[in-house]
Every structure is written in C-alpha cells, then in structure tokens.
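The block underneath contains the structure these notes are about, expressed in structure tokens.
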Amino acid sequence: MSDQAKPEGVRLQKVLAKAGVASRRVAEELIELGRVQVDGEVVREQGRRIDPETAVVHVDGVRVQVKEDVITLVLNKPRGVLSTMHDEQHRPCVGDYLSQRKERLFHVGRLDADTEGLLLLTNDGDLAHRLMHPSYEVPKTYLAEVPGPIPKDLGRTLRAGVELDDGPVKVDSFRLISAVPGKALVEVVLHEGRKHIVRRLLEHVGHPVSSLVRTAVGEVRLGNQRPGSMRVLNRQEVGSLYKAVGL
C-alpha cells in the first residue's frame with residue numbers, strides 16, 4: 001500500500017494501550033461500552049483512527065494524555081535548591097536535576113530556596129499555564145513548623161482572611177498536625193500563588209515559619225518521595241490536574 005493510500009491516524013485502541021490505559025483487548029472493551037470519548041464525542045467503533053498529536057481523549061470522564069512526547073513529573077525539591085533552570089552563580093538549581101533528561105521541561109510555578117517539597121515539571125504548556133493562573137484556584141498544601149502553642153481560634157481567623165501589605169488572603173483549610181512544648185506542625189491549604197505567601201501569612205499572625213514543605217498540588221501528593229528524587233505522574237494524577245484546570 002502506498003503512503004497516500006494509508007489511512008490517516010492511529011487506531012484508538014492502540015493509542016490507549018500506548019498511553020498505559022489498558023491492553024488493546026481491554027481498550028476495545030472500553031470503547032464498546034461507550035467509556036471512551038474523543039474530542040467530546042463517545043466513540044464505539046473499533047476501527048476509529050485518531051491523531052494523538054491533536055485529539056483530546058477521555059476515559060470514564062478523565063482526560064488521558066496521548067501525545068507521546070508530553071510528560072509531567074514531580075520533583076521533591078530539597079531545601080537550598082533554586083526554582084530555576086540555570087544559575088549564573090552556580091548555586092544548586094532545579095535544572096541540575098534535569099540535565100540527563102531528553103525532554104525540555106520547565107517548572108510549574110516556584111518554591112523559594114528555603115522551601116522544600118512538591119514541584120511539578122512538564123512540557124505541557126497548556127497545563128502549566130492554567131495551573132499557574134490564579135483564576136483556576138488549584139489548591140496547594142503545605143506543612144509548616146512554627147512556634148507554639150497554636151490558639152484554638154487561629155484556623156477560624158485564617159479561613160476568614162487577614163490583610164497583608166499586598167492585599168487580603170485567606171486559607172482554604174488549616175489544622176494542627178502535632179505539637180510539643182514551644183513548637184507545632186500545622187497544615188495549610190490555599191490556592192494563592194503570591195510570593196512567600198505561606199510564610200508571610202503565618203508570620204502576620206505571630207507564628208513565623210522555621211521550615212516549610214509543599215506536600216500537594218491539587219490531588220497530586222508528594223507521599224514518601226525522597227528529597228531530590230523525581231517521578232512521572234501516573235494517568236490518574238495527570239487526569240486530576242486536567243480536570244482541576246478544565247482541560
């Protein structure tokens with residue numbers, strides 16, 4: 001068969017299998033059951049061909065990334081590492097962790113040098129742009145070590161909002177994780193992206209941060225991932241990020 005006579009695109013079940021959704025046989029069953037959508041349309045025909053570069057595919061309502069060269073990673077950024085791809089003063093930076101990867105990745109937002117934890121790295125421009133845009137209000141979770149004791153009404157105060165020098169801020173949730181004399185570990189969830197917002201917020205209410213770790217962005221969690229290590233997000237995690245930003 002000549003190149004001109006070849007049908008365009010790749011069979012949907014093959015695309016799903018390559019994306020790690022299921023084996024080809026199971027992918028065929030998913031299609032038959034009407035659980036697969038392509039560009040917003042339920043597809044039930046087994047021979048359907050799509051272009052993985054442009055098609056938007058959902059399985060059970062969750063978007064699946066089918067472009068082969070698109071990847072999203074989680075780096076557990078250690079303390080002291082700058083959120084930049086290159087530093088002219090040769091200080092440790094995020095780019096140092098990516099030197100062996102063939103993809104051209106960039107970080108989604110920043111963590112200041114003294115803050116550890118979850119930093120997303122991707123070459124998916126649409127996803128990165130929306131995750132960083134304040135209008136999508138993707139929650140971010142932090143663990144902060146602060147001086148104790150913690151007043152019982154502090155959570156209520158932070159949920160109601162406080163006024164900082166660059167405007168008001170309020171948290172989505174606040175809870176005390178643990179406490180020992182003079183020290184406490186608290187969890188803060190907020191969708192703000194302003195610079196040093198967690199540190200400034202807690203200092204404003206009299207509990208300056210001594211250490212800070214971001215543990216989650218949306219439904220993507222750091223878990224027990226070691227500092228300095230990277231991992232590829234699984235299909236469910238990527239789907240949750242797409243859902244959070246309406247892609």
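No experiment lies behind these values; they were computed from the predicted model shown.
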Say whether, by atom type as modelled, one donor and one acceptor occur between the side chain of [X] and the main chain of [Y] under 3.5 angstrom.
X    : Y    : result
R110 : S83  : yes
R11  : R49  : no
R130 : V245 : yes

_Criterion side chain to side chain contact (heavy atoms under 4.5 Å, CB included) on N123 and V70, from CA distance to verdict_ = CA-CA 6 Å; N123 55 2; V70 172; 3.8 Å; yes
*Drop me the distance from D39's CG to H58's NE2, to the nearest 0.5 angstrom.*
10.0 Å
*Once you round to the nearest 0.5 Å, how far does OG1 of T215 lie from CZ of R221?*
6.5 Å
_Within the structure provided, determine whether L158 and K170 are in side-chain contact (heavy-atom separation under 4.5 Å)._
no
Does a side-chain N-to-carboxylate-O contact under 4.0 Å join [X] and [Y]?
X    : Y    : answer
E68  : K18  : yes
E29  : R25  : yes
R200 : D165 : yes
E237 : R231 : yes
D112 : K195 : no
D124 : K67  : no

Partner of [X] under side-chain contact (heavy atoms from CB on, under 4.5 Å), chosen from [options]:
X    : options          : answer
V209 : D114, T115, V146 : V146
V108 : L121, L120, L119 : L120
R35  : V43, V42, L30    : L30

*Over all heavy atoms of both residues, which pair between V57 and L16 is shortest? Give the atoms and the distance, please.*
CG1-CD2, 3.9 Å
